[in-house]
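Note that this is a predicted model, so its numbers are computed, not measured.
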There are 2 protein chains.
Amino acid sequence: MDKRFQEFIVEKGLKSTRERREIVDAIMETTGHFDPEELYRRLRDAGSKVSRASVYRTIPLLIESGFIEEVERVDKHAHYERVIGTQHHDHMICTQCGKVIEFYSPTLEMLQDELCCKENFRKVRHHLEILGICAECRGEHA
Amino acid sequence: MDKRFQEFIVEKGLKSTRERREIVDAIMETTGHFDPEELYRRLRDAGSKVSRASVYRTIPLLIESGFIEEVERVDKHAHYERVIGTQHHDHMICTQCGKVIEFYSPTLEMLQDELCCKENFRKVRHHLEILGICAECRGEHA
DNA sequence: CTTCATATTGCAACTCAGTCTCAATTTGAG
DNA sequence: CTCAAATTGAGACTGAGTTGCAATATGAAG
Ligand SMILES: [Mn+2]
Ligand SMILES: [Mn+2]
Ligand SMILES: [Zn+2]
Ligand SMILES: [Zn+2]
């Protein structure tokens with residue numbers, strides 16, 4: 001069970017339950033993006049007894065604690081990814097095959113800070129999604 | 001009725017119906033973001049007989065023709081905005097009051113092009129959302 | 001270790017945006 | 001004008017996400 005989430009639970013006066021621990025652990029073992037249904041199935045398949053309701057109820061806590069973030073909406077359901085223990089990045093998404101390229105640009109980050117400053121806006125987080133076609137889907141070899 | 005959408009309809013071998021014309025016209029009169037339910041209500045209130053189904057069925061056509069784009073997902077429903085006859089821009093959204101600041105930065109656009117080039121990704125469109133707190137919500141005067 | 005107020009759980013019923021089916025109507029090419 | 005093909009409205013349906021509730025688990029206090 002992640003220490004930071006544990007602290008969050010205690011500070012908020014919530015309880016550390018097996019269900020929450022199982023959910024957090026399952027996400028720790030996840031690389032890449034996931035959706036709640038998938039996470040729920042994964043838990044069940046691993047023998048857990050957590051309910052779908054608990055999974056959905058835990059997600060807002062995980063977001064509030066800064067453990068995960070919502071990253072995309074595909075097929076009208078939300079997708080998340082762990083942000084604790086990973087570096088911040090943005091996404092290029094291939095609209096043909098769904099492939100996700102993660103990238104990070106300090107210049108891009110700084111530029112955003114400047115823009116927010118100019119608008120007198122206090123940036124908390126951001127979300128950049130570049131949609132297009134990946135090299136493979138364009139049938140280019142190199 | 002917007003000329004470009006009209007052309008799109010013809011080229012696709014679709015039909016120009018009163019319903020589609022009414023929907024397009026209603027969006028032309030819209031400034032800012034809107035959601036399908038709102039649009040539907042607005043049409044009805046103006047005396048139109050269009051059905052909710054037609055509104056939802058027309059939206060994908062409007063997107064495909066480049067007339068509107070999906071801009072945000074709030075309260076788990078989609079929001080759109082007209083992009084024909086407006087300049088491309090991105091958004092800063094206040095998580096406290098919901099205010100939307102629209103901004104445009106050529107530098108930001110170019111930087112994205114460079115990053116895509118580096119990843120060998122063909123950018124088609126993008127979507128940058130900066131979440132944070134606006135000046136008013138921070139209780140600052142100036 | 002026991003007690004007990006409070007938080008949490010599973011389940012199933014529910015909500016609501018969005019989709020689909022189908023019979024009736026409209027469109028526009030010929 | 002005719003007629004195949006497209007579109008429409010109504011309402012049933014879907015599926016992600018939420019919620020009420022009774023049963024259960026947690027953990028602070030004693
Ligand atoms: Mn990612
Ligand atoms: Mn806008
Ligand atoms: Zn691809
Ligand atoms: Zn605000």
Side-chain angles (χ1 to χ4, degrees), chain A residues 1 5-27 33-65 68-80, chain B residues 1 5-27 33-65 68-80:
Chain A
M1 168 83 157
F5 184 66
Q6 175 64 20
E7 279 168 20
F8 170 83
I9 287 290
V10 173
E11 275 163 28
K12 261 222 140 187
L14 303 176
K15 292 176 177 174
S16 180
T17 65
R18 174 176 51 256
E19 290 78 5
R20 285 174 182 162
R21 268 175 269 126
E22 287 179 351
I23 290 167
V24 168
D25 290 345
I27 296 173
H33 302 181
F34 66 90
D35 67 60
E37 221 60 36
E38 195 181 304
L39 178 60
Y40 169 63
R41 235 181 309 110
R42 197 139 39 86
L43 281 160
R44 305 244 77 196
D45 291 352
S48 167
K49 296 274 186 296
V50 277
S51 65
R52 185 177 282 103
S54 285
V55 171
Y56 277 108
R57 279 193 279 235
T58 304
I59 284 174
L61 296 177
L62 295 169
I63 292 176
E64 199 188 336
S65 69
I68 64 171
E69 265 178 21
E70 187 181 323
V71 282
E72 20 162 11
R73 295 270 187 154
V74 184
D75 303 327
K76 68 204 44 152
H77 61 272
H79 290 239
Y80 304 88
Chain B
M1 169 81 159
F5 185 64
Q6 174 63 20
E7 279 167 21
F8 170 82
I9 288 290
V10 173
E11 274 163 29
K12 262 222 140 187
L14 304 177
K15 293 177 175 174
S16 180
T17 65
R18 172 173 56 255
E19 289 78 6
R20 285 174 181 162
R21 268 176 268 125
E22 286 180 351
I23 291 168
V24 169
D25 290 347
I27 295 173
H33 301 182
F34 66 90
D35 67 60
E37 221 61 36
E38 198 180 303
L39 178 60
Y40 169 64
R41 235 181 310 108
R42 197 138 41 83
L43 281 160
R44 303 241 81 193
D45 291 352
S48 168
K49 296 272 185 298
V50 277
S51 66
R52 186 177 281 103
S54 285
V55 170
Y56 277 107
R57 279 193 280 235
T58 303
I59 284 172
L61 297 177
L62 295 168
I63 292 174
E64 199 188 335
S65 68
I68 64 171
E69 266 178 20
E70 188 181 322
V71 282
E72 18 161 13
R73 294 271 188 154
V74 185
D75 303 327
K76 69 204 46 152
H77 61 271
H79 290 239
Y80 305 87

Gap between atom [atom2] of [Y] and atom [atom1] of [X] - 0.5 Å precision:
X: A:Q6; Y: A:L14; atom1: CD; atom2: CG; answer: 10.5 Å
X: A:F8; Y: A:E64; atom1: CZ; atom2: CD; answer: 4.0 Å
X: B:L62; Y: B:R20; atom1: CG; atom2: CZ; answer: 9.5 Å

What is the distance, to the nearest angstrom, from the [atom1] atom on [X] to the [atom2] atom on [N]?
X: A:E19; N: D:dA25; atom1: CD; atom2: C1'; result: 8 Å
X: B:I59; N: D:dT8; atom1: CD1; atom2: P; result: 13 Å
X: B:E11; N: D:dA6; atom1: CD; atom2: P; result: 17 Å
X: B:R44; N: D:dT8; atom1: CZ; atom2: P; result: 14 Å
X: A:K12; N: D:dT26; atom1: NZ; atom2: C1'; result: 18 Å
X: A:I9; N: D:dA25; atom1: CD1; atom2: C1'; result: 14 Å
X: B:I23; N: D:dG9; atom1: CD1; atom2: P; result: 8 Å

For B:G13 and B:R57, find the nucleotide of DNA chain D closest to each by heavy atoms; which residue's nucleotide sits nearer the 5' end?
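Residue closer to the 5' terminus by nearest nucleotide: B:G13.
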Could you tell me from which nucleotide to which nucleotide of DNA chain C, 5' to 3', there is an atom under 4.0 Å from chain B heavy atoms?
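For DNA chain C, the relevant span reads C:dA17 to C:dG28.
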Along DNA chain C (nearest heavy atom to each residue), the more 5'-positioned of B:A53 and B:L14:
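Closest to the 5' end, via its nearest nucleotide, is B:A53.
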Is there a donor in the side chain of A:E22 and an acceptor in the side chain of A:S48, or the other way round, less than 3.5 Å apart?
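There is such a pair (donor and acceptor under 3.5 Å, judged by atom type) between the side chains of A:E22 and A:S48.
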Indicate whether any N or O donor in one side chain lies under 3.5 Å from an N or O acceptor in the other, for B:H33 and B:E72.
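Yes, because at least one side-chain N or O of B:H33 sits under 3.5 Å from a partner of the opposite role on B:E72.
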Would you say [X] places a side-chain N or O within less than 4.0 Å of OP1 or OP2 belonging to [N]?
X: B:S51; N: D:dA10; result: no
X: A:S16; N: D:dT26; result: no
X: A:R52; N: D:dG17; result: no
X: A:Y56; N: D:dG17; result: yes

Run the salt-bridge test on B:R52 and B:E37 with the 4.0 Å N-O cut-off and return the result as yes or no.
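Salt bridge: yes.
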B:I23 and side chain to side chain contact (heavy atoms under 4.5 Å, CB included): which single residue from B:L61, B:I59, B:T17, B:T58 fits?
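Filter result, single survivor: B:T58.
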Where the side chain of B:K76 is concerned, which of D:dG9, D:dT7, D:dT18 is the nearest nucleotide?
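For B:K76, the side-chain atoms sit closest to D:dT18.
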